[in-house]
Number of protein chains: 2
Amino acid sequence: MEIGDIDCGIRMIHEDTVDSVKRQMPKKEISGWLADFFKLFGDPSRISILWALSKAEMCVCDLCALLGMKQSAVSHQLKILKHSRIVKNRRDGKVIYYTLDDDHIEGVLKLGMRHILEEKP
Amino acid sequence: MEIGDIDCGIRMIHEDTVDSVKRQMPKKEISGWLADFFKLFGDPSRISILWALSKAEMCVCDLCALLGMKQSAVSHQLKILKHSRIVKNRRDGKVIYYTLDDDHIEGVLKLGMRHILEEKP
DNA sequence: TTATCATATGATCATTTATTAATATGAAAA
DNA sequence: TTTTCATATTAATAAATGATCATATGATAA
């Protein structure tokens with residue numbers, strides 16, 4: 001129990017613990033990327049879109065019908081997901097089909113789902 | 001390629017796909033819980049706090065020192081995490097120690113990290 | 001070409017959220 | 001009891017975000 005230096009306006013009580021953990025922390029840039037990644041899953045609309053795309057390739061208007069969302073709203077979310085390279089699309093005439101573009105996405109969804117189902121009985 | 005009913009103001013092109021996926025969709029309530037769960041990981045401060053706690057039990061002021069955050073900010077985030085039963089605490093005199101309160105959390109962090117490290121070379 | 005359809009984009013608005021400063025609580029030390 | 005220290009809480013503010021409306025793009029069909 002040593003009293004360490006001040007960095008953020010308050011005392012540090014366990015300097016050894018802080019030092020040890022500090023060595024195991026990711027760089028700030030990485031934490032930011034991680035948070036940005038999880039933020040993609042932090043909205044019910046995007047969760048539904050991703051879940052749906054994990055089941056089938058779908059076009060925008062099918063997603064609208066499936067989820068009861070405005071076309072514009074779906075398009076905006078798809079743009080975010082595409083920009084994060086979590087989703088990709090292909091054009092066939094006027095129709096644009098979306099699919100998941102990353103092997104990890106379904107795993108993340110399922111891991112989260114497992115947690116939810118255990119937490120809320 | 002059938003043209004289906006209208007629900008959200010636009011046409012549904014692939015009715016069979018939509019029907020099939022609809023049967024595999026989680027209920028809205030569940031999508032909401034999922035999003036709320038991932039939202040916890042969608043902020044750099046919380047990511048750092050959770051990562052730190054996955055390495056050691058820590059008190060509030062140690063977290064402040066480690067992360068360079070104001071005590072108030074740390075406390076706010078810990079409150080959110082505790083309320084979501086992702087983190088728990090114990091009191092020892094004036095000091096309150098926090099730990100992860102869920103086996104899944106570290107797994108989620110690591111899965112996300114794996115994704116990040118593959119994406120950003 | 002013009003009209004139509006599927007999708008994308010831009011601007012705006014309302015809501016949520018993270019941080020801060022100030023203050024309160026609650027336990028130990030003096 | 002009074003003071004000090006660790007943490008929590010409240011209120012205010014600024015920034016981020018998701019939905020919507022209106023409009024634009026881009027491809028096919030007439």
Side-chain angles (χ1 to χ4, degrees), chain A residues 1 3-4 6 8-14 17-18 31-32 35-36 38-50 57-84 87-98, chain B residues 1 3-4 6 8-14 17-18 31-32 35-36 38-50 57-84 87-98:
Chain A
M1 271 235 206
I3 304 292
I6 294 181
C8 54
I10 71 155
R11 291 169 199 287
M12 184 195 328
I13 302 186
H14 309 86
T17 301
V18 172
S31 312
D36 286 342
F38 285 119
K39 213 175 287 180
L40 296 170
F41 299 84
D43 173 80
S45 300
R46 283 194 296 271
I47 283 280
S48 302
I49 290 174
L50 292 173
E57 179 183 68
M58 296 185 81
C59 71
V60 178
C61 65
D62 287 342
L63 286 169
C64 295
L66 173 68
L67 307 175
M69 291 173 64
K70 294 271 165 68
Q71 179 268 317
S72 170
V74 170
S75 230
H76 277 298
Q77 298 306 334
L78 286 171
K79 185 182 183 180
I80 292 173
L81 295 171
K82 192 190 171 194
H83 194 257
S84 307
V87 136
K88 71 184 167 199
N89 58 12
R90 69 181 175 86
R91 162 161 247 148
D92 181 11
K94 300 179 224 169
V95 183
I96 297 187
Y97 294 93
Y98 281 83
Chain B
M1 269 236 207
I3 304 292
I6 295 180
C8 54
I10 72 154
R11 293 169 197 288
M12 184 194 327
I13 300 187
H14 309 86
T17 302
V18 172
S31 311
D36 286 342
F38 285 120
K39 214 175 287 180
L40 296 170
F41 300 84
D43 173 81
S45 299
R46 283 194 297 270
I47 283 281
S48 302
I49 290 174
L50 291 173
E57 178 184 68
M58 297 186 80
C59 70
V60 177
C61 66
D62 287 342
L63 285 168
C64 295
L66 173 67
L67 306 174
M69 291 173 65
K70 293 273 164 68
Q71 180 267 319
S72 170
V74 171
S75 230
H76 277 296
Q77 298 304 336
L78 286 172
K79 185 184 183 178
I80 292 173
L81 295 171
K82 194 192 169 194
H83 193 257
S84 307
V87 137
K88 71 185 169 199
N89 59 13
R90 70 179 175 87
R91 162 161 246 147
D92 182 10
K94 300 179 225 171
V95 183
I96 297 187
Y97 294 93
Y98 282 84

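Below, read A as the first sequence line, B as the second, and so on, with proteins coming before strands; counting in each chain starts at 1.
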Student: Whether Tyr98(A) contacts dA6(C) is assessed here as follows: a side-chain N or O lying under 4.0 Å from the phosphate OP1 or OP2. Is that the case?
Tutor: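 Answer is no, no contact under 4.0 Å.
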Student: Between Asn89(A) (CG) and dT7(C) (P), how many Å, whole number?
Tutor: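 So the two atoms are 10 Å apart, to the nearest Å.
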Student: Taking N or O atoms only and anything under 3.5 Å, show me the protein contacts with nucleotides 27-30 of chain D, one pair per line.
Tutor:
none

Student: Produce a footprint string for nucleotides 10-18 of chain D: one letter per nucleotide, 5' end first; B if the base is under 4.0 Å from any protein heavy atom, S if only the sugar-phosphate is, - if neither.
Tutor: BB-----SS
Student: Nearest to the side chain of Cys59(B) - dT7(C), dT19(C), dT7(D)?
Tutor: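 Nearest to the side-chain atoms of Cys59(B), counting from C-beta on, is dT7(D).
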Student: Please identify each residue that fulfils side-chain contact (heavy atoms from CB on, under 4.5 Å) with Lys82(B), with sequence neighbours left out.
Tutor: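 Listed in chain order: Val87(B), Asn89(B).
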Student: Contact between Leu63(B) and Met69(B) at the side-chain level, heavy atoms closer than 4.5 Å - yes or no?
Tutor: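 Result no, sub-4.5 Å side-chain heavy-atom pair not found.
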Student: Give the rounded distance in Å between these two atoms: CG of Asp62(A) and P of dC5(C).
Tutor: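 Rounded to the whole Å, the gap is 17 Å.
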Student: Classify the side chain of Gln71(B) versus the base of dA8(D) as yes if they form a donor-acceptor pair under 3.5 Å and no if they do not.
Tutor: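 Yes, the side chain and the base share a sub-3.5 Å donor-acceptor pair.
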Student: Please report, to 0.1 Å, the donor-acceptor pairs under 3.5 Å made by any side chain of residues 43-50 of chain B, with sequence neighbours excluded.
Tutor:
residue: Asp43(B); atom: OD2; partner: Ser45(B); partner atom: N; Å: 3.0
residue: Asp43(B); atom: OD2; partner: Arg46(B); partner atom: N; Å: 3.1
residue: Arg46(B); atom: NE; partner: Leu40(B); partner atom: O; Å: 2.9
residue: Arg46(B); atom: NH1; partner: Gln77(B); partner atom: OE1; Å: 2.8
residue: Arg46(B); atom: NH2; partner: Lys39(B); partner atom: O; Å: 3.1
residue: Ser48(B); atom: OG; partner: Pro44(B); partner atom: O; Å: 2.9

Student: Tyr97(B) has an atom OH; how far is it from atom P of dA27(C), in whole Å?
Tutor: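 To the nearest whole Å, that distance equals 16 Å.
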Student: Between His14(B) and Cys59(A), is any pair of side-chain heavy atoms under 4.5 Å apart?
Tutor: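 Answer yes - side chains close enough.
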Student: Going by the rule salt bridge (charged side-chain N to carboxylate O under 4.0 Å, His left out), which residues pair with Lys88(B) if we only count those two or more places apart in sequence or in a different chain?
Tutor: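 Lys88(B) satisfies salt bridge (charged side-chain N to carboxylate O under 4.0 Å, His left out) with Asp101(B) only.
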Student: I need the NZ-C1' distance between Lys70(A) and dA8(C), as an integer number of Å.
Tutor: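 For the pair Lys70(A) NZ and dA8(C) C1', the rounded distance is 17 Å.
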Student: State, yes or no, whether a side-chain contact exists between Gln71(B) and Ser75(B) at a heavy-atom distance under 4.5 Å.
Tutor: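 Side chain of Gln71(B) against side chain of Ser75(B), heavy atoms only: contact under 4.5 Å found.
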Student: From NE2 of His83(A) over to P of dA8(C), roughly how many Å is that when rounded to an integer?
Tutor: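 So the NE2-P distance, His83(A) to dA8(C), works out to 14 Å.
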Student: With sequence neighbours excluded, tell me which residues meet ring-ring contact (aromatic ring centres under 6.0 Å, His included) with Phe38(B).
Tutor: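 Once residues adjacent in sequence are excluded, the partners of Phe38(B) under the ring-ring contact (aromatic ring centres under 6.0 Å, His included) criterion are Phe41(A).
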Student: How long is the line joining CZ of Arg90(A) and C1' of dA6(C), in whole Å?
Tutor: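 So the two atoms are 14 Å apart, to the nearest Å.
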